[in-house]
Protein chains: 2
Amino acid sequence: MKQKMWTEETIKTELREHGLRATTPRIAICLQLLQQHCHYNAQQLHEELSPHHPTMSPNTVYLTLNQLATVGLIRSFNVNGNTIFDSNTTTHDHAHCRHCNTLVDLPSTTKSLPKTPGKMSDWALEWGTRLWSGLCPDCKQVTDTTSR
Amino acid sequence: MKQKMWTEETIKTELREHGLRATTPRIAICLQLLQQHCHYNAQQLHEELSPHHPTMSPNTVYLTLNQLATVGLIRSFNVNGNTIFDSNTTTHDHAHCRHCNTLVDLPSTTKSLPKTPGKMSDWALEWGTRLWSGLCPDCKQVTDTTSR
DNA sequence: AAAATAGATAGTAATCATTACTATTTGTAG
DNA sequence: CTACAAATAGTAATGATTACTATCTATTTT
């Protein structure tokens, strides 16, 4: 996991290179999201930023996250109807616990991202993520010992 | 793609084996979903069934689909915030066009479902699907010729 | 075969995340 | 430092899904 070091300056540059203005809310969102290597939804991110940016509206967070995903600075995917934003843009999978909703990273099973779907030669696929569904260690135990 | 032939009788049996009553709405939903091998969301399914089952409430469709997914008769996953139900429970991937929203099946890149995540020995993973994101043949052309 | 009962349904209301709208503000190019 | 296009905040609107409850029905019991 190569961790790129992000500073306010590098983020500003990155934003502009993607045709986005380097505004205060955007920089804050990027700093939070890119420095922490974990999964956020829009609300969580807004809650985290609110203390230091009281006027930042949820709306802005939603909009910004979608823009960042569109230009490819982050990835977004959906788990259980919840939109998750991931600053880790390398190819990797996820495991989701259907009981407690935990989501963790998994090394990708297929590193060769474009190879497999190459069979569908007409599609221009850009990225993919695999979502495994099941029970995390804790919940596995609980469901083992209690019911069934 | 082995296509199991479903009749009202086999569906009734299947439902009961999974602890679900063989009710009229449920049988209708199963017939529609299991016979057609494609991706439905709850609303589409309700629209398809409404003509023949005018009193069937959307609520029932939502509930039933979730139950069927819970017992493993169908799979559910999320694309772009849209919950999709899939009667194809074999391991396979999906390709999604971010422009026109088309969703198609792809043969799975990893047939050995439990092997890879076995590294996370503590998780009890049950199934997984990979979602590829990109542009379908049609939209690829459009975006090529028009903008950018 | 009729009665009992636990589960399922329909219909309505409520919820939740997300998007739409718009007047105001703010980066950035000139 | 001005001008303009883009971004923001705040509010309202949307749309999918869930919650609730009285009624109904499949299945079990008698």
Less than 4.0 angstrom between a side-chain N/O of A/N80 and OP1 or OP2 of D/dT17, yes or no?
no
Can you tell me if A/T23 touches the phosphate of C/dT28, counting only side-chain N or O atoms and a distance under 4.0 Å to OP1 or OP2?
no
Quick one, A/E126 with B/L135, criterion side-chain contact (heavy atoms from CB on, under 4.5 Å). Give me CA distance, side-chain angles, the key distance, then yes/no.
CA-CA 8 Å; A/E126 289 145 4; B/L135 293 171; 4.0 Å; yes
Heavy atoms only: give me the nearest A/S87-A/Q36 pair and the separation to one decimal.
OG-O, 3.4 Å
Side-chain N or O of B/N82 closer than 4.0 Å to phosphate OP1/OP2 of D/dG15
no
Taken to the nearest whole Å, CG/B/L20 to C1'/C/dT9 is 14 Å
Expected output is a numbered-order residue list: members of residues 52-64 of chain A with a heavy atom under 4.0 Å from any atom of DNA chain C. What is it?
A/N59, A/Y62
Do any N or O atoms from the side chain of B/T60 and from the backbone of B/M56 form a donor-acceptor pair under 3.5 angstrom?
no
From the options D/dT17, D/dT8, C/dG7, select the nucleotide whose nearest atom is closest to the side chain of B/T83.
D/dT17
Residue set satisfying side chain to side chain contact (heavy atoms under 4.5 Å, CB included) with A/E14, at least two apart, ordered chain then number -> A/K4, A/W6, A/E17, A/H18, A/L73
Whole angstrom is fine here: how far is it from CG in A/L65 over to P in D/dA7?
15 Å
Return the orientation label for the B/H94 and B/F77 ring planes: parallel under 30°, perpendicular over 60°, tilted otherwise.
parallel
When the distance from NZ of A/K12 to P of C/dT26 is rounded to whole Å, what number comes out?
15 Å
Roughly how many Å is it from CG in A/L15 to P in D/dA7, rounded to a whole number?
10 Å
Run A/L68 and A/L20 through side-chain contact (heavy atoms from CB on, under 4.5 Å) and show every step you take.
CA-CA 9 Å; A/L68 296 177; A/L20 298 173; 4.2 Å; yes
Please determine which of A/N41, A/N66, A/N78 meets the side-chain hydrogen bond (donor to acceptor under 3.5 Å, both in side chains) test together with A/T83.
A/N78
Spacing of B/Y40 atom OH relative to D/dT17 atom C1', expressed in whole Å:
20 Å
Is any side-chain nitrogen or oxygen of A/R16 closer than 4.0 Å to OP1 or OP2 of C/dT28?
yes
Check: D/dA7 base within 3.5 Å donor-acceptor of A/R26 side chain
no
Donor-acceptor pair between B/D86 and B/H92 side chains, under 3.5 angstrom:
yes
Hey, which sits more toward the 5' end of DNA chain D by its nearest nucleotide, A/Q67 or B/R21?
A/Q67
Rounded to whole Å, how long is the line connecting atom CD1 of B/I27 with atom C1' of C/dT9?
14 Å
Determine the contact category for B/N78: base if any of its heavy atoms lies under 4.0 Å from a base atom, sugar-phosphate if only primed atoms, P, OP1 or OP2 are that close, otherwise nothing.
nothing
For DNA chain C, find the residues of residues 41-51 of chain B with a heavy-atom distance under 4.0 Å and give them by number; none if there aren't any.
none
Answer with yes or no whether the hydrophobic clustering places B/V61 together with B/I27; edges join I, L, V, M, F, W, Y residues whose side-chain heavy atoms lie under 4.5 Å apart.
yes
